[in-house]
Peer 1: 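Got a structure for you, questions after.
Order of listing sets the numbers, starting from 1, for every ligand and every atom in it. All heavy atoms count here, side chains included; hydrogens, waters and symmetry mates do not.
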Amino acid sequence: MTFDDLTATIKNERLRIDRDMLRLAYETAERAHKDQTRQSGEPYIAHSLAVANTLVQLRLDEETVIAGLLHDVPEDTAVTIDEIRKDFGETVATLVDGVTKLGTLKYRGMERYVENLRKMFIAMAQDIRVILIKFADRLHNLETLSHLPRPEKRYRIALESIEIYAPIANRLGMGEIKGRLEDLSFPYVDPNSYERTVRLVGDQLGDVTGYIDEVKNELRTELRERRIKPIDIHGRQKHIYSLYKKLQRPDIAGDITKVHDLVAVRIILKDIEDCYAALGIIHGLWRPLPGRIKDYIAQPKPNGYQSIHTTVFGPGGRIIEIQIRDKDMHNDAEYGIAAHWHYEETGKPKTGRVAVDRKLGWVRELAEWQKELENEQYLEALRIDAFSNRIFCFTPKGDVIDLPEGASAIDFAFAVHSDLGNQMMGARVNGKFEPVATVLRSGDVIEVVIDRNRVRPNPDWLPFVKTSIARERIRKAQREERDETNDPRFKPDD
Ligand code: MN
């Protein structure tokens with residue numbers, strides 16, 4: 001990566017970045033890192049350029065890209081944050097300072113999890129762009145991780161990426177970044193599972209490419225006949241770590257033939273009307289699998305994700321997932337919160353996207369609340385649920401589960417997976433056994449204890465749930481139980 005590569009990417013993305021400022025930042029970084037090399041033997045500046053380049057690809061603004069070039073300068077060199085402020089202004093200095101402070105964190109496993117997350121939150125609340133720079137930094141560090149001599153250090157960095165960075169990227173709606181962070185880390189965290197999953201995919205994918213082309217062509221023809229013009233139709237392969245996690249699910253139990261979205265066909269359309277029209281056309285063409293239509297347009301995921309997913313018996317009866325979304329939804333799904341700083345060709349940042357605003361809502365709340373608190377009160381405040389109406393709890397593996405205020409361990413179980421709720425027996429909250437109706441607080445780590453023989457949740461739980469998913473499942477169980485008692489086959493003899 002050279003300075004010319006970076007300017008080529010900027011031109012390619014049609015970003016408006018002041019060339020003199022950019023060059024000044026590059027020269028400052030190059031001079032500051034002059035005597036340093038990366039473990040790979042490359043000059044250090046190659047790392048600064050790679051980070052800035054990723055930020056350009058995310059279509060971020062000038063200040064973020066400049067801060068990306070300078071992000072390691074105050075930590076590793078004689079150039080101070082005051083000098084950066086003098087040359088590049090207050091915002092760039094704040095961003096670089098935020099990244100430097102985050103850089104001093106060391107991940108030491110679960111006991112430090114809440115504390116690490118807290119620091120991430122603080123940094124985000126001040127300026128979410130700090131996190132975006134940190135993501136770009138981490139991506140390049142993971143790409144070059146094999147050059148680190150100590151295996152323990154490689155493992156620690158990869159684990160931290162999966163347990164802290166990826167969930168935050170996900171929460172911010174940055175699906176692509178989350179997938180890349182996980183996939184780059186996976187081989188270092190669990191090399192055997194990684195190898196096994198890659199082999200499994202290779203065997204399964206053998207003939208898929210030709211099939212995808214067939215689906216794409218049929219779709220194109222059919223849509224054209226019905227006068228719908230797709231912006232793009234492409235195949236997308238599931239990220240390897242996300243596939244690995246799906247294979248662990250009880251309903252899949254390691255059987256890759258049960259994973260229907262290993263490869264999906266994605267259709268990008270002009271607007272929502274076209275999305276629903278396309279869905280109708282697809283279902284007319286290929287029979288949908290019952291219960292597999294997910295309308296995340298009408299009901300977006302908590303992180304704002306919108307699309308329609310449907311699984312159909314495609315050409316030759318072969319099962320394939322099709323994802324339908326409009327241009328803005330696609331942009332949001334790929335960039336998430338970063339889309340907020342996207343520059344239009346006019347050079348003005350975009351504003352007013354509803355999904356992005358929703359994502360930013362809880363960060364803003366946090367920022368407001370953070371201002372009023374002393375640092376040491378922060379952890380305690382996490383516990384008293386100052387996220388006005390949301391709480392954040394963790395699985396033992398560190399996945400963040402976002403719940404409404406007042407939610408119980410039962411809500412948590414259903415939020416993780418419906419089987420977990422159905423088979424729930426008890427809950428260990430922060431390592432201690434608690435009743436399932438226990439009301440959770442932000443920062444709690446919950447381990448759901450299950451009985452594999454159970455198939456239905458306890459109907460008496462209904463008063464103790466806050467989420468609609470849990471309520472729905474429990475009501476369904478109540479209905480089933482009632483039907484069984486009314487069913488003559490279950491009636492005792494007179
Ligand atoms: Mn760095």
Peer 1: Tell me the protein N, O or S atoms under 2.8 Å from the Mn ion (ligand 1), in chain and number order.
Peer 2: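 Those protein N, O or S atoms (cut-off: under 2.8 Å from the Mn ion (ligand 1)) are His47 NE2, His71 NE2, Asp72 OD2, Asp137 OD1.
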Peer 1: When the ring centroid of Tyr155 is compared with that of Tyr188, is the distance short of 6.0 Å?
Peer 2: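 No, the ring centres sit 6.0 Å or more apart.
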Peer 1: Do NZ/NE/NH1/NH2 and the carboxylate oxygens of Arg31 and Glu27 come within less than 4.0 Å?
Peer 2: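 A salt bridge is absent here (no side-chain N lies under 4.0 Å from a carboxylate O).
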Peer 1: Among all residues two or more places apart in sequence or in another chain, which pass the salt bridge (charged side-chain N to carboxylate O under 4.0 Å, His left out) test with Lys294?
Peer 2: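 With sequence neighbours excluded, Lys294 shows a salt bridge (charged side-chain N to carboxylate O under 4.0 Å, His left out) to no residue whatsoever.
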Peer 1: Check the orientation of Tyr44 and His47. Use parallel for under 30°, tilted for 30 to 60°, and perpendicular for over 60°.
Peer 2: perpendicular
Peer 1: Are Lys466 and Glu405 ion-paired here, with the side-chain N under 4.0 Å from a carboxylate O?
Peer 2: no
Peer 1: In terms of side-chain heavy atoms, does His71 have a donor or acceptor partner in Asp137 at a distance below 3.5 Å?
Peer 2: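 Asp137 and His71 do have a side-chain donor-acceptor pair below 3.5 Å.
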